[in-house]
Amino acid sequence: MKILILGSGGREHALSWAISKSPLCKKLFCIPGNAGIKDVAECIDININNFNSIKQFIKKEKIDFVIVGPEDPLVNGIVDKLNKIKIKAFGPNKKASILESSKSFTKDFCKKHNIPTAEYKKFKNFTNAISYIQKIKYPIVIKASGLAAGKGVFIVKKKLEAEKVLKNLMLKKNLGNSGKEVVIEDYLEGEEISCLSLVDGKNYIPLLLSQDHKKIYEKDKGPNTGGMGAYCPLPYLKKNITNKIKKEIIEPTIKALDKEKIYFNGILYAGLMLVKEKIYLIEYNVRFGDPECQPLIFLLKSDLLKILINCVNKKLNKTIIKWKKEYALTVVMVNKGYPGKYKKNNIIKNLNLIKEDMNTKIFHSGTSLDTKNNIIATGGRVLSVTSKNKNFNIAKKKVYEVVRRLKWKNSFFRKDIGYRAKKLK
Ligand code: AMP
Ligand code: GLY
C-alpha cells in the first residue's frame, strides 16, 4: 500500500517510523515531515491546510491510506473531504472533532451525560465573566474554548490575574477567535493521566496509560506547553484505576457519542485528573498526544498500520494489540525561550554521535535541513529523546545520558520527567 502521513511533529516521526516497518507499507510519504522523518519517508513540501494540493498529490501518487496527525486538519474536516473522494483516512470526521475544538461543547457534553468533570461556567460576554470572577473561590482555571495548541489554559490564583487573563482573551483577542468564548472551571488538585483509546464507532481499545508534563519548568511550574516529556506505562499505578477509567470515562463517552449521533473513528485522547481515586475528565483530544505518542509507539509490538486500517474498517473487535513489557520515557528538548519567543535555525551538531537502536531513538519535531545539509532547529519543540527498558529508572537514566551527550547549546529541557510516577501509587 501507498501511505501518506500528515504532520511534522515528534508524533508524526514516531508514526512514520513504525509504519515504515509494516510489511503492508510499500511506499511512505509525509506532508510536510521534518529532517528526521526524511529517513523513513519521502517528505513533500505542501502546506498541511491546503487541501486542494494534498488532493492532487494523493491522486497523482495513487495513495491508498492517509493518517492525519494533528488536530487542525481534522477540525477542518479533512477526513470527510478525503472520504468524499473515496480515500480511506485515519482520524475522526469534522463533527466528532468538536470534542477537541470546543471546550465549551465538551463541558456541556460531559454534564449532559454524567461524565465526571470539574464544575464550570461558560461565557461569551466579557462583563458577565468579570462579574462572575468577583465572587468565586480561587484558584480557578480559565480556558479559551477554541484550539490554542496548549496555550489557552490559565491556572489563576487571584482576582486581578483573572481579570487580566479575561481581558487578554476576550477583549484583546490574543488567541483570536479561540478566546471569544471562555470556560471558567474549578481547579482540581491531583495527578494527570493520559488515556488514549482507538475507537471505531462502536468498539474501543485503550492503549497503555501514559503521563505528560505540560508545564515548561521542573516540578510543574511556569506556563503550559504542548508537552515537555512523557512516559508509559505508569509503573506504580494501582491496577483498579485502569478499569475505573474504562467504566467511568471511556465507556460513558462512547455511549454518549452514540446517543448524540456523533460517529467517532480514530484516537480518543482523554486527559484525566485523578483526585484521591476519583477520576475527572479534563479534556478530550481527537488524535495521538504529542509527546505521549512517542513512548507509546516505542513499546508497540504489533503492526501499527494494520491496527489503524482495522480501526477505519470498524474491525477493532477483531484486533489485538501487543506491547513490549518495558517502560518507555521521552524527554522533549525545546528551543530556549519556548513557549515564548525563541531563536530559530541554529545547528544541532551532535546527532550523529548518538547510536540509535531498539532501545533508544530520537524523534524529531521542529527540525529542517539547511543548504549544507546540517540539521537545524526550526520549531519550539525540537527533539523527543526516547529510551525503553524493563526497569523504569534505567529507561530514564538512558534518556538523560543521550540528552547530555547531544550538548545542544540552544536547548532547554526538563530534568525531572517521570518524577511524578511514584505519586500515582
Ligand atoms: P487542557 O487543555 O484543558 O487539557 O488543559 C491543559 C492543562 O491545564 C492540563 O493538562 C492540566 O495540567 C491543566 N488543567 C486544565 N484544567 C484543569 C483543572 N480543572 N484543574 C487543574 N488543572 C487543570
Ligand atoms: N500532550 C498533550 C497533547 O498532545 O495535547
Side-chain angles (χ1 to χ4, degrees), residues 1-9 11-12 15-16 18-19 22 24-33 41-42 44 46-102 105-106 109 147 196-205 253-254 256-269 284-289 293 303-319:
M1 290 173 83
K2 280 180 141 185
I3 313 294
L4 169 65
I5 295 180
L6 298 178
S8 61
R11 165 183 52 212
E12 286 78 19
L15 296 173
S16 308
I19 299 250
S22 166
L24 298 173
C25 176
K26 290 285 164 286
K27 173 84 190 167
L28 179 61
F29 294 98
C30 187
I31 291 179
E42 188 176 329
I44 308 293
I46 295 177
N47 182 327
I48 199 167
N49 292 314
N50 183 344
F51 181 70
N52 279 337
S53 299
I54 294 175
K55 185 167 94 178
Q56 275 172 19
F57 176 79
I58 287 173
K59 286 198 165 155
K60 184 177 105 216
E61 288 295 338
K62 300 196 170 58
I63 298 290
D64 299 294
F65 191 67
V66 179
I67 297 156
V68 188
E71 60 276 21
D72 285 325
L74 292 169
V75 168
N76 292 333
I78 193 163
V79 171
D80 314 59
K81 292 180 198 164
L82 289 170
N83 290 345
K84 241 188 202 158
I85 56 165
K86 305 261 179 312
I87 300 291
K88 288 203 169 186
F90 178 79
N93 60 27
K94 187 179 168 92
K95 190 174 176 192
S97 300
I98 196 171
L99 286 184
E100 176 157 358
S101 65
S102 170
F105 173 89
T106 288
F109 177 89
L147 292 183
L196 282 66
S197 306
L198 281 153
V199 179
D200 71 2
K202 217 159 89 210
N203 310 290
Y204 78 100
I205 306 180
T253 300
I254 291 169
L257 286 165
D258 191 48
K259 269 195 195 148
E260 298 290 338
K261 302 209 167 10
I262 298 175
Y263 172 67
F264 192 104
N265 190 307
I267 286 279
L268 179 72
Y269 168 137
Y284 294 118
N285 293 319
V286 297
R287 46 161 177 91
F288 282 101
C293 183
D303 180 342
L304 176 65
L305 181 55
K306 204 166 161 195
I307 294 170
L308 301 187
I309 292 171
N310 277 357
C311 184
V312 171
N313 291 337
K314 303 181 201 166
K315 286 187 181 156
L316 283 183
N317 55 340
K318 295 188 181 116
T319 306

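Values below: every heavy atom of this structure, side chains too, minus hydrogens, waters and symmetry copies. Here, residue 1 is the first one in the sequence, and each next residue gets the next number.
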What closest approach, in Å, do [X] and [Y] show between heavy atoms, and which atom pair accounts for it?
{"X": "Gly289", "Y": "Leu196", "value": "N-CD2, 3.5 Å"}
{"X": "Cys30", "Y": "Gly7", "value": "SG-O, 3.4 Å"}
{"X": "Ala89", "Y": "Leu82", "value": "CB-CD1, 3.7 Å"}
{"X": "Cys25", "Y": "Ile3", "value": "SG-CG1, 3.9 Å"}
{"X": "Asn265", "Y": "Cys311", "value": "ND2-O, 2.9 Å"}
{"X": "Leu304", "Y": "Ala18", "value": "CD2-CB, 3.8 Å"}

What distance do [X] atom [atom1] and [Y] atom [atom2] have between them, rounded to the nearest 0.5 Å?
{"X": "Ile262", "Y": "Ile254", "atom1": "CD1", "atom2": "CD1", "result": "13.0 Å"}
{"X": "Ser97", "Y": "Asp72", "atom1": "OG", "atom2": "CG", "result": "10.5 Å"}
{"X": "Asp258", "Y": "Tyr263", "atom1": "CG", "atom2": "OH", "result": "11.5 Å"}
{"X": "Ile267", "Y": "Phe90", "atom1": "CD1", "atom2": "CZ", "result": "4.5 Å"}
{"X": "Asp80", "Y": "Ile85", "atom1": "CG", "atom2": "CD1", "result": "12.0 Å"}
{"X": "Ile31", "Y": "Glu42", "atom1": "CD1", "atom2": "CD", "result": "10.5 Å"}

key: Pairs touching residues 83-98 that satisfy salt bridge (Lys or Arg N to Asp or Glu O under 4.0 Å), sequence neighbours left out   =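 For residues 83-98, and leaving out neighbouring residues, there are no salt bridge (Lys or Arg N to Asp or Glu O under 4.0 Å) pairs at all.
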key: Pair Leu6-Ile78, side chain to side chain contact (heavy atoms under 4.5 Å, CB included): steps then yes or no   = CA-CA 11 Å; Leu6 298 178; Ile78 193 163; 3.5 Å; yes
May I ask you to test the [X]-[Y] pair for a side-chain heavy-atom distance under 4.5 Å?
{"X": "Leu99", "Y": "Leu268", "answer": "yes"}
{"X": "Thr253", "Y": "Tyr284", "answer": "yes"}
{"X": "Leu308", "Y": "Ile19", "answer": "yes"}
{"X": "Lys306", "Y": "Leu24", "answer": "yes"}
{"X": "Arg11", "Y": "Pro70", "answer": "yes"}

List the atom pairs, donor and acceptor, that lie under 3.5 Å between side-chain atoms in residues 60-68 and the rest of the protein, sequence neighbours left out.
residue, atom, partner, partner atom, Å
Glu61, OE1, Lys2, NZ, 3.1
Asp64, OD2, Lys2, N, 2.7

ask   = When you look at NZ of Lys81, are more than 12 heavy atoms from neighbouring residues, nucleotides or ligands closer to it than 6.0 Å?
value =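 Counting other residues, nucleotides and ligands, NZ of Lys81 exceeds 12 neighbours.
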task = Kindly write out the residues that satisfy side chain to side chain contact (heavy atoms under 4.5 Å, CB included) with Ser8, not counting sequence neighbours, or none if the list is empty.
result =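 Pro32.
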ask   = Partners of Ser197 by side chain to side chain contact (heavy atoms under 4.5 Å, CB included), sequence neighbours excluded?
value =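 For Ser197, the residues satisfying side chain to side chain contact (heavy atoms under 4.5 Å, CB included) (neighbours in sequence not counted) are Cys195, Val199, Tyr204, Pro206, Ile250.
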Met1 and Ile309: CA distance, side-chain angles, deciding distance, side chain to side chain contact (heavy atoms under 4.5 Å, CB included) verdict = CA-CA 11 Å; Met1 290 173 83; Ile309 292 171; 3.5 Å; yes
Acceptor/donor pairs from residues 48-59 side chains to any protein atom, 3.5 angstrom cut, sequence neighbours excluded:
residue, atom, partner, partner atom, Å
Asn50, OD1, Asn52, N, 3.4
Asn50, OD1, Ser53, N, 3.2
Asn50, OD1, Ser53, OG, 3.3
Asn50, ND2, Ser53, OG, 2.9

key: Set of residues satisfying side-chain hydrogen bond (donor to acceptor under 3.5 Å, both in side chains) with respect to Asn203, sequence neighbours excluded   = Asp200
